[in-house]
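Here the structure comes first, spelled out in structure tokens, and everything after it is commentary.
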Amino acid sequence: MKMRNPPVNSLSLEFLTELLISLEKLESDKAFHAIILTSDCPGIFSAGLDLMEMCGRDPTHYAEYWKAVQELWLRFYLSHLVVISAINGVNAAGGCLLALSCDYRVLADNPKYAMGLNETLLGIIAPFWFKDTLVNTVGHRTAERALQLGLLFPPAEALQVGMVDKVVPEDQVLSAARSELAQWLAIPGHARQLTKSLMRKPTADRLLKERDADIQNFVRFISRDAIQKALRVYLEKLKQKKT
Ligand SMILES: CCCCCCCCCCC/C=C/C(=O)SCCNC(=O)CCNC(=O)[C@H](O)C(C)(C)COP(=O)(O)OP(=O)(O)OC[C@H]1O[C@@H](n2cnc3c(N)ncnc32)[C@H](O)[C@@H]1OP(=O)(O)O
């Protein structure tokens with residue numbers, strides 16, 4: 001699955017919906033057993049959630065957007081397919097969440113390709129299920145420091161803290177993902193799938209039980225004047241970079 005939403009693969013409502021439909025199609029086709037998730041945007045895996053969806057819109061839109069973000073995470077996190085990410089670019093916040101929801105992560109060795117949950121740098125916070133997904137991957141202490149400081153880890157550090165499983169030269173990222181896949185596909189499917197569910201269901205259940213409350217919290221939080229201002233300032237900084 002090659003993500004293509006130029007220029008930065010931001011996860012707009014339309015793009016989230018496309019990803020969700022693609023994933024559902026693959027999952028319902030018995031011929032498919034695995035997905036390699038990668039990017040078609042040079043140097044960028046994903047810039048994360050689309051800030052334009054969270055800025056200057058009305059509460060109904062925020063609720064619809066957040067429901068789609070929840071849906072995509074649940075679908076990826078609990079997918080019965082083997083999902084491996086071949087991370088071939090910088091990967092921030094919501095994009096990093098997608099990669100963390102995969103079963104295995106290969107990252108291209110380029111110091112520009114940092115990844116992490118950098119929400120605090122924007123003046124916002126990672127919701128509990130983003131946090132839980134990170135804790136499940138790197139452990140509590142590393143996650144706490146990474147989340148508070150909004151750290152984006154370059155490849156060597158991402159590997160060292162366990163945020164990715166392998167770092168390879170840029171031109172080998174897809175072939176390394178394919179080689180890894182062979183090991184996962186060699187395991188009897190039902191046993192691997194049940195084990196994945198055993199490991200992940202408690203984390204997913206937490207959101208499933210509190211979905212509506214989580215949407216309301218998001219809408220309340222993102223609608224605050226101070227948060228809207230912080231997002232506008234961040235977007236402005238991104239644009240000023242060019243001048
Ligand atoms: C009580 C508690 C309740 C809890 C409630 C929850 C609270 C909210 C939770 C929200 C969680 C948010 C998750 C996110 O994912 S937020 C997004 C974080 N992403 C980033 O910080 C990355 C930002 N982008 C960049 O750093 C760079 O763009 C990047 C390194 C990815 C690429 O750099 P490059 O130089 O190649 O490209 P540009 O910066 O020039 O960008 C090109 C254009 O794209 C626009 N852009 C970039 N990122 C985004 C984005 N995420 N959304 C929308 N648009 C984006 C950028 O502005 C440029 O636009 P223009 O061409 O028009 O200038």
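Read the numbers this way: they start at 1 and go in the same order the structure lists the ligands and their atoms.
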Legend entry - Under 4.0 Å to a heavy atom of Ile124 - the qualifying atoms of ligand 1, by number: 10 (C), 12 (C)
Inset, instruction - Answer yes or no: are there more than 12 heavy-atom neighbours, outside Asp58 itself, under 6.0 Å from its atom CG? - result: yes
Legend entry - Shortest protein heavy-atom distance from atom 14 (C) of ligand 1, along with the residue and atom involved: Ala93 CB, 3.3 Å
Legend entry - Interatomic distance, Leu16 atom CG to Asn5 atom CG [nearest 0.5 angstrom]: 9.5 Å
Inset, instruction - Can you confirm whether something in the protein, heavy atoms only, sits under 4.0 Å from atom 20 (C) of ligand 1? - result: yes
Legend entry - Met54-ligand 1 polar pair, N/O distance under 3.5 Å: no
Inset, instruction - Please write down residue, atom name and distance for the protein heavy atom closest to atom 3 (C) of ligand 1. - result: Asn217 CB, 4.0 Å
Inset, instruction - Output yes when the distance from some N or O of ligand 1 to some N or O of Asn118 is under 3.5 Å, and no in every other case. - result: yes
Legend entry - Shortest protein contact, atom 40 (O) of ligand 1 (heavy atom only): Lys242 CE, 3.2 Å
Inset, instruction - Check whether Val219 and Leu51 end up in the same hydrophobic cluster, where Ile, Leu, Val, Met, Phe, Trp and Tyr are linked by side-chain heavy atoms less than 4.5 Å apart. - result: yes
Inset, instruction - Provide the number and element of each atom of ligand 1 under 4.0 Å from a heavy atom of Ile125. - result: 2 (C), 6 (C), 7 (C), 8 (C), 9 (C)
Inset, instruction - Pick out which of Ile227, Ile222, Leu231, Asp50 makes a side-chain contact (heavy atoms from CB on, under 4.5 Å) with Cys55. - result: Leu231
Inset, instruction - Identify the residue among Gln193, Glu27, Arg200, Lys196 that makes a side-chain hydrogen bond (donor to acceptor under 3.5 Å, both in side chains) with Ser79. - result: Glu27
Inset, instruction - Could you tell me whether the side chains of Glu170 and Asn88 share a donor-acceptor contact shorter than 3.5 Å? - result: no
Inset, instruction - Provide the number and element of each atom of ligand 1 under 4.0 Å from a heavy atom of Ala92. - result: 19 (N), 20 (C), 22 (C)
Legend entry - Nearest heavy-atom neighbours spanning Ala126 and Glu119: N-CB, 3.8 Å
Legend entry - Short N or O distance, Tyr234 and ligand 1, threshold 3.5 Å exclusive: yes
Inset, instruction - May I ask you to identify, for Leu51, whether its side chain, its backbone, both or neither come under 4.0 Å of ligand 1 on a heavy-atom basis? - result: both
Legend entry - Residue portion contacting ligand 1 (non-hydrogen atoms closer than 4.0 Å) for Leu122: side chain
Inset, instruction - Identify, by atom number and element, the atoms of ligand 1 in contact range of Lys239, meaning under 4.0 Å from any of its heavy atoms. - result: 57 (O), 59 (O), 60 (P), 62 (O), 63 (O)
Inset, instruction - Verify whether one side chain among Asn9 and Ser46 offers a donor that lies under 3.5 Å from an acceptor in the other. - result: no
Inset, instruction - Run the numbers for me: atoms of ligand 1, each under 4.0 Å from some heavy atom of Gly48, listed by number. - result: 15 (O)
Legend entry - SB check Glu71 Arg211 (cutoff 4.0 Å): yes
Legend entry - Proximal candidate to atom 50 (C) of ligand 1 [heavy atom criterion; set Leu117, Leu11, Leu49]: Leu49
Legend entry - N or O pair under 3.5 Å between Gly94 and ligand 1: yes
Inset, instruction - Look at Lys131 together with Glu144 and state whether they make a salt bridge at an N to O cut-off of under 4.0 Å. - result: no
Inset, instruction - Please report which non-hydrogen protein atom sits nearest to atom 25 (C) of ligand 1, along with the residue it belongs to and the distance in Å to one decimal place. - result: Leu238 CD2, 3.6 Å
Inset, instruction - With heavy atoms only and a cut-off of under 4.0 Å, state how Val8 meets ligand 1: side chain, backbone, both or neither. - result: side chain
Legend entry - Protein heavy-atom partner closest to atom 53 (C) of ligand 1 - residue, atom, separation in Å: Asp50 OD1, 3.2 Å
Inset, instruction - Just let me know how Ala47 lines up against ligand 1, side chain, backbone, both or neither, with a heavy-atom cut-off below 4.0 Å. - result: both
Legend entry - Centroid-centroid distance, Trp66 to Trp73, less than 6.0 Å: no
Legend entry - Short side-chain donor-acceptor distance under 3.5 Å, Tyr77 and Asn136: yes
Legend entry - For ligand 1, the portion of Ile44 having any non-hydrogen atom under 4.0 Å away: side chain
Inset, instruction - Heavy-atom distances under 4.0 Å are what count here, so tell me which part of Lys241 touches ligand 1: side chain, backbone, both or neither. - result: side chain
Legend entry - Closest non-hydrogen atom pair, Thr38 against Phe45: CA-CE1, 3.8 Å
Inset, instruction - Indicate, with yes or no, if Leu117 and Leu72 share a hydrophobic cluster defined by side-chain heavy-atom contacts under 4.5 Å among Ile, Leu, Val, Met, Phe, Trp and Tyr. - result: yes
Legend entry - Where ligand 1 meets Pro7 - atom numbers and elements under 4.0 angstrom, heavy-atom basis: 42 (C), 43 (C), 44 (O)
Inset, instruction - For atom 29 (C) of ligand 1, find the nearest protein heavy atom and state the residue, atom name and distance (0.1 Å precision). - result: Val90 CG1, 4.5 Å
